[in-house]
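A short write-up of the structure that comes next.
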Amino acid sequence: MSESAPGLRIQNIACTRGYRELFTDLNLLLESGQILRVEGENGSGKTSLLRILAGLAQPESGDVLWNGLGIEHVDACYSHDLLYLGHKPGIKFELTPVENLCMFTSLFGTKSENGIEDALYQLGLYGFEDVPCSNLSAGQKRRVALAQLLMSKARLWILDEPYTSLDVAAIAFLESVFKKHVQNGGMLIITSHQPITVEGCLLKRLVLPSTVLEEVH
Amino acid sequence: MSESAPGLRIQNIACTRGYRELFTDLNLLLESGQILRVEGENGSGKTSLLRILAGLAQPESGDVLWNGLGIEHVDACYSHDLLYLGHKPGIKFELTPVENLCMFTSLFGTKSENGIEDALYQLGLYGFEDVPCSNLSAGQKRRVALAQLLMSKARLWILDEPYTSLDVAAIAFLESVFKKHVQNGGMLIITSHQPITVEGCLLKRLVLPSTVLEEVH
Amino acid sequence: METSLSRAFIALLKRDLQLAYRHRNELLNPLFFFILVVALFPLGTTPDKTLLMTMAPGVIWVAALLASMLSLDSLFRADYEDGTLEQILLSSHPLSVLVLAKIISHWLVTGFPMILLAPLLGIFMYLPTNGILTLMLTLVLGTPILSLVGAIGMALTVSLRRGGMLLSLLVLPLYIPVLIFSANAVDAHLADMAITGQIYILSSMLMLAITLAPVATSAALRISLE
Amino acid sequence: METSLSRAFIALLKRDLQLAYRHRNELLNPLFFFILVVALFPLGTTPDKTLLMTMAPGVIWVAALLASMLSLDSLFRADYEDGTLEQILLSSHPLSVLVLAKIISHWLVTGFPMILLAPLLGIFMYLPTNGILTLMLTLVLGTPILSLVGAIGMALTVSLRRGGMLLSLLVLPLYIPVLIFSANAVDAHLADMAITGQIYILSSMLMLAITLAPVATSAALRISLE
Amino acid sequence: MKLPAIVHKFSSPQNFYVMAGKLIPWLGWACLLFMISGLYYGLIEAPADYQQGESYRIMFIHVPSAWMSMFVYMVMAISGGIGLIWRIKLADVVASSSAPIGAAFTFLALATGSLWGKPMWGAWWVWDARLTSELILLFLYLGFIALQASIEDPRNAARAGAVLALVGVVNIPIIHYSVEWWSTLHQGPTVTKFDKPSIHISMLIPLLLMAVAFKFYYATSVLMRARNEVLLREQNSRWVKEVIANES
Amino acid sequence: MSLEEFFHMGGYAFYVWSSYGLTFFVLLMIFLKPMMSKKQVIKDLRTKYRQQERQTKEQNS
Ligand code: HEM
Ligand SMILES: Nc1ncnc2c1ncn2[C@@H]1O[C@H](COP(=O)(O)OP(=O)(O)OP(=O)(O)O)[C@@H](O)[C@H]1O
Ligand SMILES: Nc1ncnc2c1ncn2[C@@H]1O[C@H](COP(=O)(O)OP(=O)(O)OP(=O)(O)O)[C@@H](O)[C@H]1O
Ligand SMILES: [Mg+2]
Ligand SMILES: [Mg+2]
C-alpha cells in the first residue's frame with residue numbers, strides 16, 4: 001500500500017509522561033469505515049494517545065500521518081477532517097446550547113446553521129435551547145457537546161470517554177450516530193470503560209499498554 | 001414506627017432549580033442495611049436530590065431527618081455519620097494521594113492513619129502514592145477519592161456517579177466494598193447510569209421525576 | 001477560504017462580545033476597579049489639590065494598567081477551563097487571526113470604556129482640561145498595547161492553576177514603558193512642552209505590538225495546551 | 001471532641017502551608033507584585049524626593065491592599081474547583097474554626113512577608129526610620145484585617161465564573177477604612193503627632209474582624225456552595 | 001428562634017401581592033402631594049440665604065437624597081438579615097428591590113452635592129471624609145447589585161446579598177459621624193442635632209416636606225418592584241398563574 | 001419675584017436647575033422601570049405557561 005493511502009497511519013509512536021514510559025513502538029492504520037477502540041486500565045495512556053493523534057500533544061518519537069502527510073503539515077488539511085472531544089465538554093457555560101453550536105459551526109466552517117435546533121432536539125434538549133449551559137445537569141452539558149457530532153463534516157472523530165454522565169437512551173442514540181458516520185465512510189477513534197456496540201463495522205481494539213491490534217467484526 | 005427511628009427519613013421534599021420545579025412531595029425512609037439507587041434521565045434532578053440529602057443545599061420545602069432529628073440540628077451528629085462524594089473528585093491535585101488521604105482522616109476524625117497505604121494498594125494505586133495527583137489519569141484521580149470509602153466510619157454513604165472514569169476491575173472492587181458496608185449495617189445512596197449489582201441487599205429504586213419507590217431484592 | 005476565515009473571525013469576536021454582554025454587570029467591573037484604585041490614592045496620601053494634580057497622570061495610568069491586567073483573565077482562562085480553547089486550536093483557521101479577534105474584543109470591553117471614563121477621574125484628581133485631553137490620547141494609543149501584550153502573558157500562564165500572580169510578574173514589566181511614556185506625555189503637556197516624541201514612540205510600540213503579539217500569543221497557547 | 005477539632009484545625013493549616021510551599025515560587029508572587037506596584041509610582045509620577053516621601057505611606061498601603069486582595073484567590077477558589085471545599089463543609093467540625101485556619105495560613109503566606117518587606121520599600125520611597133516603624137506597626141495590625149475581610153468577599157464570589165473583578169468591587173470599599181487610618185497614622189507620626197487614636201481604632205477593627213469575619217465567611221461559603 | 005405563625009401568614013407572597021397592589025396608589029398620591037408642596041415652599045416661598053444666595057435651594061433635594069441613601073441601606077440590610085435568619089421570602093424581595101433605588105439616591109446625593117460644591121467650595125469634588133464615605137456607600141450598593149446579578153438562583157442571590165449588606169453596615173455610622181470625627185469642609189449637623197435645629201423655620205418646613213415626599217416615593221417604588229419580583233419567584237404557584245390569566 | 005428672576009436663581013441657575021432636573025429625571029426613571037418590567041414579566045410568564053401546557057399535552061398523548 002502506498003504511503004499516500006487515505007486514512008490515519010501511526011508509525012512507531014512512543015509516549016512518555018513524566019518519567020514513566022506508557023507505550024513504545026505503536027503502529028497502526030485506520031481507514032475509511034473503521035472504528036478504533038482504545039482500551040486499558042485507568043492510567044494506561046488512552047487519553048495521552050488520543051491527544052497525540054489529535055495533534056494536541058507531541059509524541060516522544062514517531063509520526064502520525066494523515067493521508068500520507070505528517071499532521072503538523074499545514075497542507076495536510078488535518079484540522080478540516082478532524083473532530084476531537086476530550087474529557088472536558090468544550091462548551092461555554094454562559095452561553096445557551098444554540099449559541100454554543102453557532103460558534104462551533106462558524107469555527108469549523110460547517111455550513112448548516114439551521115441544523116442546530118434539529119441537532120438539539122435529537123439529543124433531547126428540547127426546551128433547554130435558551131437556558132444557559134451552566135444551569136444544565138452534568139449529562140445535559142455533555143449532550144450539548146455531542147450535538148456537534150450531528151453537524152460535523154469531519155471524517156475522523158476522536159472521542160475520549162463520550163459516554164461519561166450519559167443515560168442509557170443517550171448512549172443508544174449516540175451509537176446509532178456512530179454507525180451512520182462509519183457507514184458513510186467516516187473513521188472513529190473512541191475510548192470508553194463501558195461496552196460499545198456498533199454493529200456491522202470493522203472494529204479494531206487496542207488494549208494499552210500492549211501495542212498489538214485486535215480486529216473484531 | 002416512632003419518629004426517632006434510626007435511619008434517614010425524607011418528608012415531603014420539593015426541589016426547584018432556577019425557576020424549574022424538579023419534583024415535589026418526595027417521601028422515603030432508608031434504614032440500616034439498605035441501598036437507595038436514584039435513577040432518572042439526564043437532568044431529572046438526581047444530583048440536586050443528593051446534595052439536599054447531604055445538607056449541601058436546602059430543599060424548597062420539606063425536611064430531611066436523621067435518626068428523627070432535622071439534619072440542620074447540630075446535635076443530630078449527621079456530619080459524623082455521613083460521607084458524600086460528588087461529581088468533583090474532592091482531592092487536591094498538588095498533593096500526593098497519601099497527603100490527600102491524611103487530610104481527609106484528620107478532617108473527619110477517622111483514626112487510622114496507617115490504613116492509608118493499605119487503602120491505596122487495594123485501589124491499585126501501588127507505585128503512585130507519592131506522585132502529585134495532577135499527574136494521574138482521570139480514573140486514577142477518582143480512585144484516590146474513592147479510597148476514602150475504605151477508611152470511613154460513616155454509616156451513610158452518598159455517592160454521585162462513583163463509576164465515572166473507572167475501569168471494569170475498579171467497579172467490581174467498589175461493588176464488593178459496597179456489599180461489605182451494607183452488610184455491616186451501613187446505608188448507601190447512589191446514582192449511576194451504569195448497572196449496579198450488589199447482591200443480597202435490599203435495594204430501593206427511585207426513578208425521578210416520579211416519586212414512587214420500588215423495592216428490589 | 002478567505003470568506004470562511006473572516007466569518008470565523010467575526011463569529012469569535014461576536015461570541016466574546018456576546019459573552020461580555022451576557023454578563024453586562026461584569027462589564028462594568030473593570031471600570032469600577034479603575035475608579036476605586038484611583039480613589040484609593042487621595043484617601044491614602046493627601047487630599048491636597050496641587051499634590052494630587054502632580055500625581056494624577058501616574059496614578060490614573062497605574063490604575064489603567066492594573067485594571068487591564070486583572071481583566072486579562074477573561075481573555076483565555078474561561079475558554080481554557082471549559083475546553084473551548086482546545087477547539088479553537090483545532091480549528092482549521094490560522095490561530096493568530098482568531099487570537100486577534102479575542103484581543104480586540106478584550107480591548108473593546110475594557111480598554112475602550114476606560115478611555116471614556118478618564119475625564120471623570122481627571123476631574124477627581126484636579127487635572128485641567130488640556131491634561132485630560134492628552135491623557136485620553138495616551139489611553140487611546142496605550143490601552144490596545146496593554147491588551148496585546150497582556151494576551152501573551154495570559155497565554156503563557158493559562159494552564160497554571162494559580163497563574164494570576166505570575167501573570168502580573170510577566171506582564172507588568174512589559175507594561176512599564178507604556179506607563180512611562182504616557183504619564184510623561186501628560187506631564188509634559190501640563191508643563192506646556194511638546195509631546196510629539198512620546199506620541200510617536202507610543203504609536204510605534206502599538207504598531208509593533210499589533211504585528212507581533214498575535215503570533216507570539218498563538219505560539220504560547222500551543223505550548224500551554226500541550 | 002476538643003482535641004479532634006484542634007487536630008483538624010492544625011491539619012488544615014498545615015495542608016494550606018504545605019500547598020503554598022509546594023508552589024514556593026508562587027509564594028513570592030504577591031511580594032513581587034507588592035514591590036512592582038510601589039515601583040510603578042516613581043516611574044509614573046515623579047522621582048522627586050520630598051514628593052515621594054509624602055506619597056510613601058499611601059502608596060505602600062495601596063500596594064499592600066492590592067497584593068492582599070489579588071492573592072485572595074488562593075484562599076478558596078482552588079478548593080472550590082476540585083471539590084475539597086465541599087468536604088470541608090461536610091466535616092463535623094464547626095466551619096468557622098476551619099475557615100479561620102485557612103485565613104491564618106493566607107495571612108502567613110501573604111500579609112506576614114509584606115511586613116518584613118516594608119522597610120525595604122520605605123527606603124525606596126525615602127521614608128525616615130520612625131516612619132518605617134509606624135508603617136510596620138500599621139501593617140501588623142492591618143494586614144490580618146485585610147485577610148479576614150477579604151475572606152468574606154472571596155467566599156461570596158467563589159462559585160462565580162468571573163468572580164475576580166467582582167471580588168475587588170466587593171472588597172475594596174471595605175478595605176478603605178484600614179487604608180485611611182493606617183496611612184494617616186504614618187503621616188501623623190512623620191509630623192510628630194500622636195498616633196494612639198489611629199492605632200486604637202485599627203486594633204478594635206482587628207478585634208471586630210477576628211470575631212465576626214469567620215462567622216460571616218462560613219455563612220457565605222454555605223450559600224455559595226448551595 | 002422561631003417567629004409566630006401569624007408573621008409567616010401575613011408575609012405570605014400572595015397576601016403581600018394583593019395588599020401592596022391596594023396600597024401603591026395611596027402612597028403614590030401622598031408622595032406627589034408632599035413633593036408639590038415641598039417644591040412650592042422650597043423654590044418660591046423660602047427666602048434666599050444671606051450667605052449662599054439662591055444656591056442653597058439645592059439643599060431641598062440634596063439633603064433628603066443623602067438621608068434616603070443611608071435609610072434605604074439600613075432597610076436593605078435589616079430586611080436582608082431577616083430573610084437570612086428566618087427565611088422569609090418577602091424580606092429577600094424587599095432587600096433586592098431596594099438596592100437600585102438606594103443606589104439612585106446615593107448617586108443623586110453625590111451629583112447634587114457636586115453641583116452645590118462647585119459654587120460653594122470652588123471644586124466639583126474634594127476628598128473629605130463625608131464625601132468619600134458617601135462614594136464608598138455607592139460602591140457598596142453597586143457591589144450588592146452586581147453580586148445579586150451574577151448569582152443565577154434567586155434564593156442564593158438573596159442570601160449572599162444579605163451577608164454582604166450586613167457586613168457593609170459598618171459604613172453607615174462612618175458617613176454620619178465623619179463630619180464630627182474629622183474636620184471637614186462639609187456642613188456639620190444642622191437639622192439632625194438633638195437640641196434645636198440651627199436652621200430657619202422657613203427653610204426647615206420645605207426640607208421636611210421633601211424628606212417625607214422622598215420617603216413616600218421610596219415606599220411606592222419599592223412596593224412596585226417587589227410585586228414584580230414576587231411574581232417571578234412564585235411563578236410555579238397556582239395563584240400567580242391565576243393572576244397572570246386575569247391580567248389583561 | 002418675577003419669572004425671569006426665578007429662573008435666574010441669583011446667578012446659580014445652572015447649578016440649581018441642573019440638580020433639580022437630574023433629580024427628577026432619575027426619580028422618574030426609577031419609577032417607570034418597574035412599570036415597564038411588569039408588562040415584560042407578565043408576557044414572559046404567559047408564554048412560559050403556554051409552553052408548559054403544550055409539553056404536558058405532548059407527554060400525555
Ligand atoms: C459631592 C458632594 C457632597 C456629598 C457626597 C454630600 C453628602 C451628604 C450626606 C451623606 C449627608 C447626610 C449626612 C447625615 O445625615 O448624616 C449630607 C447632608 C448635608 N449636606 Fe452634603 N454632601 C455634599 C456636598 C454638600 C455641599 C456642597 C453642601 C453645602 C455647602 C452640603 C450641605 C449639606 C447639608 C446642609 C446637609 C444636612 C446636614 C444635616 O443636618 O445632617 N453638602 N450631605
Ligand atoms: N446551577 C443550576 N441552576 C439552575 N438550574 C440548574 C442548575 N444545575 C442544574 N439545574 C437544572 O436542574 C435540573 C436537574 O439537574 P441535576 O444536576 O440534578 O440532574 P441530574 O439528574 O444529576 O442529571 P445528570 O444525570 O445529567 O447528572 C436540570 O434540568 C438542570 O437544568
Ligand atoms: N499531566 C501529566 N503529567 C505527567 N504524567 C501524567 C499527566 N497526565 C497523566 N499522566 C500519567 O500518564 C499516564 C496515562 O494517563 P492517561 O490520562 O493517558 O490515562 P488514561 O488511559 O486516559 O486513563 P483513564 O482511563 O483513567 O482516563 C498515567 O499513569 C498518569 O500517571
Ligand atoms: Mg483518560
Ligand atoms: Mg448529576
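Chain naming here is simple, since letters A, B, ... match the order of the sequence lines and numbering starts at 1 in each.
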Check whether any side-chain heavy atom of [X] sits under 4.5 Å from a side-chain heavy atom of [Y], and report yes or no.
X: E:Gln235; Y: F:Tyr49; result: yes
X: E:Ile101; Y: F:Phe31; result: no
X: E:Tyr218; Y: F:Ile30; result: no

If you measure from [atom1] on [X] to [atom2] on [Y], what distance do you get to the nearest 0.5 Å?
X: F:Gln40; Y: E:Leu232; atom1: CD; atom2: CG; value: 10.0 Å
X: E:Ser221; Y: F:Met35; atom1: OG; atom2: CE; value: 10.5 Å
X: E:Arg225; Y: F:Ser37; atom1: CZ; atom2: OG; value: 7.0 Å

- prompt: Could you walk me through whether E:Met224 and F:Lys38 pass the side chain to side chain contact (heavy atoms under 4.5 Å, CB included) check?
  reply: CA-CA 9 Å; E:Met224 281 165 67; F:Lys38 179 165 186 192; over 6 Å; no
Looking only at non-hydrogen atoms, find the nearest pair between [X] and [Y] and report the distance.
X: E:Met35; Y: F:Leu27; answer: CE-CD1, 4.4 Å
X: E:Pro119; Y: F:Tyr12; answer: CB-CE2, 3.5 Å
X: F:Ser18; Y: E:Leu115; answer: OG-CD2, 3.6 Å

Answer with side chain, backbone, both or neither: which region of [X] has an atom nearer than 4.5 Å to a non-hydrogen atom of chain E?
X: F:Phe24; result: side chain
X: F:Tyr15; result: both
X: F:Tyr20; result: both

- request: Determine the option with the most heavy-atom pairs under 4.5 angstrom with chain E, choosing from F:Asp44, F:Val41, F:Leu22, F:Leu45.
  value: F:Leu45
- prompt: So which part of E:Ser114 gets closer than 4.5 Å to some heavy atom of chain F, the side chain, the backbone, both or neither?
  reply: neither
- request: Give, as side chain, backbone, both or neither, the part of E:Leu231 having an atom under 4.5 angstrom from any heavy atom of chain F.
  value: both
Quick check: are there more than 12 heavy atoms from other residues, nucleotides or ligands sitting under 6.0 Å from [atom1] of [X]?
X: F:Lys33; atom1: NZ; value: no
X: E:Trp29; atom1: CH2; value: no
X: F:Lys48; atom1: NZ; value: yes

task: Look at the side chain of F:Arg46 and the backbone N and O of E:Ile244, then say whether any donor-acceptor pair between them is shorter than 3.5 Å.
output: yes
- line: side-chain hydrogen bond (donor to acceptor under 3.5 Å, both in side chains) pairs touching residues 201-212 of chain E, sequence neighbours excluded, are E:His200-E:Ser202
task: Take E:Phe214 and F:Thr23 through the side chain to side chain contact (heavy atoms under 4.5 Å, CB included) test and state the conclusion after the steps.
output: CA-CA 11 Å; E:Phe214 274 38; F:Thr23 303; 4.2 Å; yes
- prompt: Looking at E:Thr220, E:Thr112, E:Ile61, which makes the most heavy-atom pairs under 4.5 Å with chain F?
  reply: E:Ile61
